[in-house]
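Naming: A, B, ... by sequence-line order, numbering from 1 per chain.
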Number of protein chains: 2
Amino acid sequence: MKGKRPHLSITDSSEEPLTGAVEDYLKAIYALGRGSVSVATNDIAQRLDLTPASVSGMVRRLAGHGFLSYERYRGVTLTDLGRRAALRTLRRHRVIEAYLSGALNYPWDRVHAEAERLEHAASDELVDRMAAAIGEPLTDPHGAPIPSREGDMDETEYLSLAELGAGYGARVVRVSDEDPEMLRYLGELQIMPGAELIVISKAPYEGPIALAVSGTMLAIGPQLASQVMVEPLTDLEAPAH
Amino acid sequence: MKGKRPHLSITDSSEEPLTGAVEDYLKAIYALGRGSVSVATNDIAQRLDLTPASVSGMVRRLAGHGFLSYERYRGVTLTDLGRRAALRTLRRHRVIEAYLSGALNYPWDRVHAEAERLEHAASDELVDRMAAAIGEPLTDPHGAPIPSREGDMDETEYLSLAELGAGYGARVVRVSDEDPEMLRYLGELQIMPGAELIVISKAPYEGPIALAVSGTMLAIGPQLASQVMVEPLTDLEAPAH
DNA sequence: AGATTAAGTTAGGCAACACTAACTTAATCG
DNA sequence: CGATTAAGTTAGTGTTGCCTAACTTAATCT
């Protein structure tokens, strides 16, 4: 019996390993549809840096394997099977990120790229050992929640820093993880999960947002601010007007 | 520019990432030929659990990329490029094994399978960080030498326990790593790198070999003994006759 | 409603890898 | 030396995943 490649059969209820490409598609669809909304072919293509034609083909295969429901020209929705697979990959990815950062001192702007490759190769046992070794973290280094072994994830939506009104204080809970350059910059500014800040002022017409971060004054643009998710602090609520 | 797949070009002197399959072939050929001897198609096929036909095809491609020199019907020899690539993969593999064992308490019978997949996904940076984190080990958990970052490896050949004469003492330096069952058994018997033992007697006709291992008496077959590499201890040399 | 455009799809290729079946080369033995 | 056998090769196929080019569907605008 030589042929024991991945080969996804329709009758597989067992947890055969998925190919890296399949995992990437499911992750992307999950991210774009927040798990349940219908997702457009083009958006998947853009996120994965593929052509729409490629996505059309793959999406048909994924639907054939029961990972998503698909009507031509109508977008795509994850099935339960697909959602669970996506969350499993997401857990891998985020545990790996947290481990690289926490145990190997990886700088937070490089964990994403490394995890992106390792998530397809690491076994559940490894991921669980990593999680245990760093104390079962609840989020990755960028503040993204880590799904539980059972596939549950905290889906709380947060306000972005761009939406926060002048005078309000907030704690940073999460930043977008994909742009290393941006992460390095945010790191320099000390804008990272856990940091507390106050919005001093917001210039109109997409102008700079002035902040106080751990005692330091600085200003960032609204585009960057929109990548920073925050939780308003109730004890600093009163606007300064 | 969408097409940035591995796509190995002939003019690549740069270190493009190789595909997992290519790395596996090069590792296998290195292992079979000790790095320089010519290797038979069939042996590669057997080691990788592939058909000889598949190997013929791949070998032609690898030769085209300059990883090995190949004459039809005549076997295959690694070029310098191929040898370096093989040693790079070997380093990854063994550092990962050592790390899993040393930092994550992985049992030594399972590190091989995990490393087999991770070695194709881990970056040099990760491998170097792992090595640093556990004190730059010189061998993996089975005693196999880890190539240096520069691609040098200790190629000392050792005696197998099956070849050691009765009455001799020796230190275990290395055991074969691929059979988890066997590793578990050797572990129970405390036969692992660093252990010291004395050959009490060897029954003729492939009979059992009686040993004293850390004070305990036990006997193993010659087939198993041949998988255990040892270094004779000069201070225990005198046969007990 | 008809035309334009954006979104999505099919058709046709290609590269990597693997397989089976059938053939060829090399080695060996009487 | 010719025949058998072992080793290795080619030919033809299939799957995954990706691409480009050309077409179709759906949405939108006048």
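Residues forming a salt bridge (charged side-chain N to carboxylate O under 4.0 Å, His left out) with E23(A) (at least two apart in sequence, or on another chain): none.
When the shell of 6.0 Å around CD1 of I134(A) is examined, it contains more than 12 heavy atoms from other residues, nucleotides or ligands. For E206(B), the CD atom is loosely surrounded, since the number of other residues' heavy atoms within 6.0 Å does not exceed 12.
Side chains of H112(B) and D140(B): no donor on one and acceptor on the other come within 3.5 Å. For the residue pair E114(B) / S123(A), a side-chain donor-acceptor distance below 3.5 Å is found, with atom types taken as modelled.
For the pair F67(B) CZ and dA16(C) P, the interatomic distance rounds to 12 Å; values are reported in whole Å. The CD atom of Q46(A) sits 15 Å away from the P atom of dA6(C) (whole-angstrom rounding). Protein atom NE2 of H120(A) is 11 Å distant from nucleotide atom P of dG17(D), rounded to whole Å. Between the CZ atom of R61(B) and the P atom of dA15(C) there is a distance of 11 Å, rounded to whole Å. Distance CG (L62(B)) to C1' (dA18(C)): 14 Å, rounded to an integer number of Å. Straight-line distance from the CG atom of L18(B) to the P atom of dC17(C): 10 Å, rounded to whole Å. Per the geometry, OH belonging to Y25(A) stands 13 Å off P belonging to dT16(D), to the nearest Å.
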Write down the protein N/O and nucleotide N/O pairs, taken from nucleotides 8-12 of chain D, whose separation is under 3.5 Å; answer none if there are no such pairs.
from, atom 1, to, atom 2, distance (Å)
dG8(D), OP2, N42(B), N, 2.9
dG8(D), OP2, N42(B), OD1, 3.4
dG8(D), OP2, N42(B), ND2, 3.4
dG8(D), O3', Y73(B), N, 3.4
dT9(D), OP1, Y70(B), OH, 2.3
dT9(D), OP1, Y73(B), N, 3.1
dT9(D), OP2, T41(B), OG1, 3.1
dT9(D), OP2, S56(B), OG, 2.6
dT9(D), O5', S56(B), OG, 3.3
dT9(D), O4', Y73(B), OH, 3.3

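With respect to E178(A) and R47(A), a salt bridge is recorded, a charged nitrogen being found less than 4.0 Å from a carboxylate O.
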